[in-house]
Structure formats: C-alpha cells, structure tokens
Participant: 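Sharing a structure here in structure tokens format.
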Amino acid sequence: MSKTSKEYIDPDWKAVEKNFRATKILVCGIGPEEYNRISAYNTAKEIWEALQTAHEGTTQVKQSKINMLTTEYELFRMKDDESIQDMHTRFISIINELHSLGETIPRNKLVRKILSILPSPWESKVNAIIESKDL
C-alpha cells in the first residue's frame, strides 16, 4: 500500500527526488520513438530496464550477439578486392560492437590479428613490424 504525500518522511522525499532526477535524465537523452516505448513506466529503474532490453536484448540475446561477433572476429579476413581502409573499417566495426556489449579485446591481440590477415605483398612490412616491436 503506497503512502500519501503527508505520510512521507525525509528519506521518502529524497528517494522521490532521486527518481525524478534520474527519470528526467533518461527521458531527456532519448528520441521520440524511444519515448513512446518508455512513457508508460513510472520509475527510473523501469525506464532503464526497458531501454536496456530494447537496445541490448535479454542476457541470452546479448550473449548470443557476443558469441556471433567473436566468431566473426576470429574468422575475419581481408577480401581480395578490398582496400586497407575498407578492411580496417569493417574490423573496427566488429570491435566496437563487441566493446558496446562489454567485451574488450586487448590492443596487442587486435594488432596481431590485423597483421596476420594482411595479404602477402605486405609480408615484408609485417615482418619488420613484428621484429621491431614487442606487440
């Protein structure tokens, strides 16, 4: 049973104020389409959970996305007719998606991956890089 405003004590008012501030921050940071998705919720916690589920999916969906992107990372290869820039853009896209889902790959592994997928004309440069630095 909820209290009336006359029955609120100091901690209750502080909780109401915190919820109001958090709700305002969340609502101000979203667009009209997302506002329609969350407008029925009353607390910041409900809004946050709805947005989180909408963008990340459930824990199972999130893990599935991570698994799919990890496989895509592991099987990543440079296409025959692809420029270095295009290959790098595709690679970074995969890495950024993984990062947004909470999965990070150490920089030295990323560098080694890029070096390992470069075509044979780049072999001498790759060898020079590997020999000159400790990746």
Side-chain angles (χ1 to χ4, degrees):
M1 196 169 192
S2 64
K3 300 177 182 180
T4 65
S5 61
K6 291 179 182 180
E7 297 173 316
Y8 278 20
I9 57 175
D10 194 43
D12 296 327
W13 284 113
K14 286 181 180 180
V16 167
E17 184 179 343
K18 284 181 182 179
N19 182 63
F20 176 77
R21 285 183 181 177
T23 301
K24 188 170 183 164
I25 289 168
L26 289 169
V27 170
C28 288
I30 60 174
E33 289 178 17
E34 289 177 326
Y35 179 78
N36 291 334
R37 183 179 298 146
I38 57 98
S39 62
Y41 297 111
N42 296 320
T43 67
K45 184 178 189 306
E46 292 172 333
I47 293 170
W48 179 255
E49 288 172 351
L51 290 170
Q52 191 173 24
T53 300
H55 289 277
E56 292 182 1
T58 61
T59 304
Q60 188 176 12
V61 171
K62 183 178 176 181
Q63 190 58 51
S64 179
K65 285 180 185 178
I66 290 170
N67 292 341
M68 181 192 70
L69 288 164
T70 301
T71 301
E72 195 173 336
Y73 165 79
E74 290 169 353
L75 299 175
F76 189 85
R77 295 288 176 259
M78 185 173 177
K79 298 175 182 175
D80 292 335
D81 60 341
E82 189 173 37
S83 70
I84 295 291
Q85 182 69 31
D86 292 341
M87 180 269 304
H88 184 261
T89 301
R90 279 191 317 114
F91 186 75
I92 292 301
S93 175
I94 294 168
I95 300 310
N96 286 344
E97 284 188 63
L98 279 167
H99 186 72
S100 73
L101 294 169
E103 287 292 309
T104 55
I105 300 172
R107 184 180 290 283
N108 64 338
K109 278 189 165 187
L110 297 174
V111 171
R112 288 188 188 279
K113 180 68 173 177
I114 289 285
L115 293 175
S116 72
I117 63 173
L118 289 172
S120 56
W122 286 80
E123 189 173 344
S124 63
K125 293 176 185 172
V126 169
N127 290 336
I129 291 170
I130 290 173
E131 289 172 8
S132 71
K133 290 192 174 193
D134 185 278
L135 302 174

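Just so it is clear, the model here is predicted, and its values are computed rather than measured. The basis for the numbers below is simple: all heavy atoms, side chains too, and nothing from hydrogens, waters or symmetry mates.
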Participant: To the closest 0.5 Å, what do you measure between CD (Glu72) and CD1 (Ile95)?
Facilitator: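 Output value for this atom pair is 9.5 Å.
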Participant: Counting only heavy atoms not in Glu7, do more than 12 fall under 6.0 Å of its CD?
Facilitator: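 Atom CD in Glu7 is crowded, with more than 12 foreign heavy atoms closer than 6.0 Å.
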Participant: Is a donor on one side and an acceptor on the other found under 3.5 Å between the side chain of Thr71 and the backbone of Asn67?
Facilitator: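 Yes: the side chain of Thr71 pairs with the backbone of Asn67.
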Participant: Taking the cut-offs as 6.0 angstrom to the six-membered ring centre and 45 degrees off its axis, would you call Lys113 and Phe76 a cation-pi pair?
Facilitator: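 Checked: cation-pi criterion not met.
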Participant: Can you see which heavy atom on Glu103 is nearest to which on Ile66, and at what distance?
Facilitator: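 Distance-wise, the nearest heavy atoms are CG-CG2, 3.4 Å.
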Participant: Does Glu33 come within less than 4.0 Å of Arg37, counting only side-chain N to carboxylate O?
Facilitator: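 No, Glu33 and Arg37 are not salt-bridged.
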Participant: Salt bridge check, Lys14 against Asp10: does any charged N sit closer than 4.0 Å to a carboxylate O?
Facilitator: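 Salt bridge: yes.
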Participant: Is there a path of hydrophobic side-chain contacts, each under 4.5 Å between heavy atoms of I, L, V, M, F, W or Y residues, that connects Ile25 with Ile47?
Facilitator: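 In one cluster with Ile25: Ile47, no.
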Participant: Looking at every non-hydrogen atom in both residues, tell me the closest pair between Arg90 and Arg77 and how far apart they are.
Facilitator: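 Nearest heavy atoms, Arg90 then Arg77: NH2-O, 2.8 Å.
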Participant: Is it the case that one hydrophobic cluster holds both Tyr35 and Trp48, taking links as side-chain heavy atoms less than 4.5 Å apart, direct or via other members?
Facilitator: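 Hydrophobic grouping puts Tyr35 with Trp48.
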Participant: For Ile30 and Val27, which heavy atoms make the closest approach, and how far apart are they?
Facilitator: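 Minimum heavy-atom contact is CG1-O, 3.3 Å.
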Participant: Which distance, rounded to the nearest 0.5 Å, do you find between the OG1 of Thr70 and the CD of Glu97?
Facilitator: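 Result: 11.0 Å between the selected atoms.
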Participant: Please report the closest heavy-atom contact between Ala50 and Ile38, naming both atoms and the distance.
Facilitator: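 Looking at all heavy atoms of both residues, the shortest contact is CB-CG2, 4.0 Å.
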Participant: For the OG atom of Ser93 and the NE2 atom of His88, what is their distance to the nearest 0.5 Å?
Facilitator: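 Spacing of OG (Ser93) from NE2 (His88) equals 11.5 Å.
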Participant: Using side chain to side chain contact (heavy atoms under 4.5 Å, CB included), reason through Leu118 and Ile84 one step at a time and then give a plain yes or no.
Facilitator: CA-CA 8 Å; Leu118 289 172; Ile84 295 291; 3.5 Å; yes
Participant: Should we say atom OH of Tyr73 is surrounded by more than 12 heavy atoms from elsewhere, each under 6.0 Å from it?
Facilitator: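 Buried by this count: over 12 neighbours within 6.0 Å.
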Participant: Let me confirm one number: the CD1-CE distance from Ile117 to Met87, rounded to the nearest 0.5 Å.
Facilitator: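 With rounding to 0.5 Å, CD1 (Ile117) is 4.5 Å from CE (Met87).
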Participant: Find the distance between CE (Met78) and OG (Ser116) and round it off to the nearest 0.5 Å.
Facilitator: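 Going from CE on Met78 over to OG on Ser116, the span is 12.5 Å.
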Participant: So, taking the atom named CG in Leu110 and the one named CD1 in Ile92, what distance separates them when rounded to the nearest 0.5 Å?
Facilitator: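 Here the interatomic distance stands at 7.0 Å.
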Participant: Taking the side chain as C-beta and beyond, is there a heavy-atom pair between Val16 and Asp12 under 4.5 Å?
Facilitator: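 A side-chain contact is absent here, since even the closest heavy-atom pair is not under 4.5 Å.
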Participant: At their closest point, which heavy atom of Asn19 faces which heavy atom of Thr23, and how far apart are they?
Facilitator: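 Looking at all heavy atoms of both residues, the shortest contact is O-OG1, 2.7 Å.
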Participant: For residues Glu46 and Asn42, report the shortest heavy-atom separation together with the two atoms involved.
Facilitator: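 Residues Glu46 and Asn42, closest heavy atoms: OE1-N, 2.8 Å.
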